[in-house]
Amino acid sequence: MTDPFQAAALDEYQKATAQLEPRKDPAAALQKSYTRYDTLIARAMEASPIKPACKAGCAFCCHYKVEARAHEILLIKDYMSKTWSEDKITAVLADLEANAAIIRALSPEQHLVTNIKCALLQNNQCSIYPVRPFRCRNFHSTDANACEQSHGDPGNMDIATGMIEDIAMLADAHTQGFEAAAEHTGRDNRVYDFSTALLEAFSDKSATKRHQRGKKTFQQAIEVIL
C-alpha cells in the first residue's frame with residue numbers, strides 16, 4: 001500500500017518538474033501548484049473529523065517569522081505590480097523597510113520569538129492571499145485561544161496551538177514535492193527571509209534575470225540556513 005504522504009510528494013514532484021522545465025514560466029508553474037495544493041488540502045479538510053479554528057480576521061499567525069523561496073517572492077511581486085496601485089505598493093514597501101530594519105537587528109533565534117506584523121496584513125486580512133507562500137498556506141491551528149496566548153507570549157515555545165497531523169503532513173509533502181522539482185530543474189531553491197527578499201525583488205530589477213539563470217536571486221536579502 002502506498003504511503004499517502006509519499007504519494008502526494010511524488011505526484012507533485014512529477015507534475016511540477018514537467019511544468020518547470022527550462023524555458024517554461026516558473027510563476028505559472030507555481031500558480032498551478034498552488035491550485036493543486038488548495039484542492040488537495042480542501043479534500044483532506046472535508047474528510048477530517050477535526051477542523052481548524054482558523055477564520056477570516058484571525059491573524060495572530062501573521063506576526064510570525066516567515067521564510068520563502070525565490071519563486072514565491074517573485075510571484076508575489078508580480079501579483080502586487082499587476083493588481084495594486086502605485087500608492088498602495090509604496091505604502092507597503094515603507095512597512096517592509098521598517099520590518100527589515102527590525103529583522104536585521106535580530107539573531108535568527110530572537111526573530112523566532114519576536115512578533116512582527118506582516119507588512120502585507122491589512123485590516124487583519126492577507127492582501128496577497130491568492131499568492132501567499134507555502135509557509136503561510138501550511139499553517140493552521142485547532143485552538144484559537146492558544147494562538148492568542150502564543151501571540152501574547154511569543155517566547156513561550158511550550159504553548160501548543162495544535163495542528164491536524166494528516167493535513168499538516170500532506171501540506172508538507174506537496175510543498176516538498178514542488179521544492180524538489182525546483183531544485184531538480186536548476187531553479188534557485190534557497191530560503192530567504194520574506195521581508196528583506198520582497199524588498200529586493202522590487203528594488204533590484206536584475207533579481208528576476210538571476211532567477212531565470214538559476215543564480216542566487218537575492219544578493220542583499222537575508223538567506224536562511226536550514
Side-chain angles (χ1 to χ4, degrees), residues 37 41 52-55 57-77 92-122 124-129 131-165 167-176 178-180 182-183 188-202 216-226:
Y37 174 99
I41 298 306
C54 309
K55 59 183 179 181
C58 180
F60 296 117
C61 60
C62 298
H63 295 72
Y64 290 168
K65 182 176 185 282
V66 178
E67 301 157 357
R69 311 277 173 160
H71 41 263
E72 296 176 303
I73 294 292
L74 293 174
L75 179 60
I76 292 168
K77 185 254 185 184
V92 166
L93 290 178
D95 289 341
L96 282 169
E97 289 277 10
N99 282 359
I102 296 170
I103 292 166
R104 289 191 183 279
L106 299 174
S107 68
E109 293 75 20
Q110 290 171 326
H111 189 184
L112 186 64
V113 296
T114 302
N115 288 335
I116 301 175
K117 178 188 171 185
C118 178
L120 299 173
L121 181 66
Q122 300 181 351
N124 264 15
Q125 301 278 344
C126 176
S127 59
I128 50 101
Y129 193 80
V131 292
R132 67 199 187 283
F134 278 124
R135 185 68 176 265
C136 298
R137 288 171 190 269
N138 292 359
F139 189 84
H140 65 272
S141 172
T142 58
D143 189 341
N145 289 329
C147 289
E148 185 172 5
Q149 291 171 12
S150 179
H151 180 266
D153 187 8
N156 186 349
M157 306 305 287
D158 292 327
I159 300 174
T161 56
M163 298 186 82
I164 305 168
E165 184 177 1
I167 290 172
M169 291 178 67
L170 273 178
D172 284 344
H174 181 101
T175 302
Q176 290 172 21
F178 187 90
E179 291 170 355
E183 185 170 10
D188 176 13
N189 209 32
R190 295 173 179 84
V191 179
Y192 297 95
D193 165 71
F194 181 82
S195 295
T196 56
L198 186 55
L199 269 176
E200 189 172 343
F202 275 96
K216 184 177 181 181
T217 307
F218 303 114
Q219 304 294 304
Q220 304 300 321
I222 297 171
E223 182 181 348
V224 179
I225 307 300
L226 300 179

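Worth saying up front: this structure is predicted, and the values here are computed from it rather than measured.
Pairing each heavy atom of Ser141 with each of Cys147, the nearest pair is OG-SG, 3.2 Å. When every heavy atom of Arg69 is checked against every heavy atom of Glu179, the shortest pair comes out as NH2-OE1, 3.0 Å. Of all non-hydrogen atoms in Asp188 and Ala70, the two that sit nearest each other are OD2-CB, 3.9 Å. Minimum interatomic distance between His71 and Ala182 (heavy atoms only, all atoms of both residues): CE1-CB, 4.0 Å. Residues Ile73 and Ala201 approach most closely at CG2-CB, 3.9 Å, considering heavy atoms. Nearest approach of Met163 to Phe139, heavy atoms of both residues: CE-CA, 4.1 Å.
Two residues are said to be in side-chain contact when any heavy atoms from C-beta on lie closer than 4.5 Å; Val131 and Glu72 fail this criterion. A heavy-atom distance below 4.5 Å is found between the side chains of Leu121 and His63. Using a 4.5 Å heavy-atom threshold, the side chains of Tyr192 and Thr217 count as touching. Between Leu112 and Met157, some side-chain heavy-atom pair lies under the 4.5 Å cut-off. Phe194 places a side-chain heavy atom less than 4.5 Å from the side chain of Ile76.
In this structure a side-chain-to-backbone donor-acceptor pair under 3.5 Å is missing from Ser195 to Ala100. At distances below 3.5 Å, at least one donor-acceptor pair connects side-chain atoms of Thr196 with backbone N or O atoms of Ile222. Remark: side-chain polar atoms of Asn99 are not paired, donor with acceptor, to backbone N or O of Cys118 under 3.5 angstrom. Looking at His111, its side chain never comes within 3.5 Å of a backbone N or O of Lys65 through a donor-acceptor pair. In terms of modelled atom types and a separation under 3.5 Å, the side chain of Tyr37 and the main chain of Phe134 share no donor-acceptor contact. A side-chain donor-acceptor contact under 3.5 Å links Arg137 to the backbone of Arg132. Under a 3.5 Å cut-off, the side chain of Asn189 and the backbone N or O of Ala180 do not form any donor-acceptor pair. Side-chain atoms of Glu148 do not come within 3.5 Å of backbone N or O of Phe60 as any donor-acceptor pair. At distances below 3.5 Å, not a single donor-acceptor pair connects side-chain atoms of Arg135 with backbone N or O atoms of Ala68. A donor-acceptor contact shorter than 3.5 Å is absent between the side chain of Ser150 and the backbone of Ile159.
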With side chain to side chain contact (heavy atoms under 4.5 Å, CB included) as the criterion, how do Leu106 and Ile116 come out once you've worked through the C-alpha distance, each side chain's angles and the decisive distance to 0.1 Å? CA-CA 12 Å; Leu106 299 174; Ile116 301 175; 4.2 Å; yes
Using the rule given for side chain to side chain contact (heavy atoms under 4.5 Å, CB included), can you reason through Leu74 versus Phe218, listing the C-alpha separation, both sets of side-chain angles and the distance that settles it, and then say yes or no? CA-CA 10 Å; Leu74 293 174; Phe218 303 114; 4.2 Å; yes
Dump the intermediate steps for salt bridge (charged side-chain N to carboxylate O under 4.0 Å, His left out) on Lys216 and Glu223, then the final yes or no. CA-CA 10 Å; Lys216 184 177 181 181; Glu223 182 181 348; 3.1 Å; yes
Step by step, work out the side chain to side chain contact (heavy atoms under 4.5 Å, CB included) result for Val92 and Leu198. CA-CA 11 Å; Val92 166; Leu198 186 55; 5.7 Å; no
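Put simply, CD on Gln122 and CG on Leu120 are 7.0 Å apart, with the number rounded to the nearest 0.5 Å. Taking NZ of Lys117 as the reference point, atom CD1 of Ile102 lies at 12.0 Å (rounded to 0.5 Å). Here Leu199 contributes atom CG and Asp193 contributes atom CG; the two are 9.0 Å apart, rounded to the nearest 0.5 Å. For the atom pair Gln176 CD and Met169 CE, the distance stands at 9.5 Å (nearest 0.5 Å). Separation of atoms NE2 (His151) and OH (Tyr64) is listed at 8.5 Å; rounding is to 0.5 Å. Rounding to the nearest 0.5 Å places OG1 of Thr114 at 9.5 Å from CD1 of Ile103.
Heavy-atom contacts from other residues, nucleotides or ligands closer than 6.0 Å to CD of Glu183 number 12 or fewer.
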